[in-house]
Amino acid sequence: HAMGNRIYGCDDCLAVCPWNKFAKIASESAFHAKAQTASPPLIDLARVDETAFRALYSGSPIKRIGRDRFIRNVLIAIGNSGDMDCMPVLTERLKDRSALIRGAAIWALSRLQPETALKLKARYQEQETDTYVLEEWENLAPGFS
């Protein structure tokens, strides 16, 4: 989870590409970031549903990764952010239909507030059926159970 606060990897690729030393600001508006996607708060992105995801990222390369992997990346960025204001959205994502998202929410909760994550473990682990998510619960705070 060494991606820090990044959600999508294009910035890193562009930064290291040797050809970009010749790049100029594009005059074609299609290459400019949409105003609504320029730098939205992580907490808002973590609440994006499938319909909103498709609307926001229509015509964007981000749409290719799909909502579940996008939200997973957002949750990892939240876990790396240290932003305690995001705790409620992480708890909401524990109920997401996607196991990928539920697992990322557990990881992020354990980074922001391990004590709360351990308390939530008792409530959510027993109703979980997905092996990936159960593994995330088991890996929570090694040495504590």
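None of these values were measured; they are calculated from a predicted model.
- Minimum interatomic distance between L120 and T91 (heavy atoms only, all atoms of both residues): CD1-OG1, 4.0 Å.
- Taking the side chain as every heavy atom from C-beta outward, L109 and I106 never approach each other to under 4.5 Å.
- Remark: D44 engages P41 in a side chain to side chain contact (heavy atoms under 4.5 Å, CB included) (not counting sequence neighbours).
- A salt bridge links E50 to R54: one of the charged nitrogens lies within less than 4.0 Å of a carboxylate oxygen.
- Note that the CZ atom of R69 and the CD1 atom of I71 stand 13.0 Å from one another [nearest 0.5 Å].
- Salt-bridge check for R97 with D68: passed, with a basic side-chain N closer than 4.0 Å to an acidic carboxylate O.
- Counting heavy-atom neighbours within 6.0 Å of R123 CZ, excluding the residue itself, gives a total of 12 or less.
- Listed here is the closest heavy atom pair of L75 and A105: CD1-N, 3.7 Å.
- Contact detail for L100 and Y132: the closest heavy-atom pair is CA-CE2, 3.8 Å.
- When the side chain to side chain contact (heavy atoms under 4.5 Å, CB included) test is applied to D83, the partners found at least two apart in sequence or on another chain are S81, D85, C86.
- Separation of atoms CZ (R102) and CG (D130) is listed at 6.0 Å; rounding is to 0.5 Å.
- In this structure, R93 contributes its side chain and A46 its backbone to a donor-acceptor pair below 3.5 Å.
- At a threshold of 4.0 Å, the pair D96-R72 does not count as salt-bridged, since none of the basic side-chain nitrogens sits closer than that to a carboxylate oxygen.
- By the ring-ring contact (aromatic ring centres under 6.0 Å, His included) test, Y124 pairs with no residue at all, sequence neighbours left out.
- Formation of a donor-acceptor pair under 3.5 Å by the S110 side chain with backbone atoms of W107 is found in this model.
- The nearest pair of heavy atoms linking I62 to F70 is CG2-CD1, 3.7 Å.
- A 4.5 Å side-chain heavy-atom check between E135 and T131 finds every atom pair outside the cut-off.
- The distance from atom CD1 of I101 to atom NZ of K95, rounded to the nearest 0.5 Å, is 14.0 Å.
- Under a cut-off of 6.0 angstrom, the local environment of CZ in R47 is crowded, with over 12 non-hydrogen atoms contributed by other residues, nucleotides or ligands.
- Residues E128 and Q125 form no side-chain contact, since every pair of their non-hydrogen atoms from C-beta on lies 4.5 Å or further apart.
- Taking 4.5 Å as the limit, every side-chain heavy atom of F53 sits out of range of all side-chain heavy atoms of L56.
- Side-chain contact between L94 and L90 is absent, with no heavy-atom pair separated by less than 4.5 Å.
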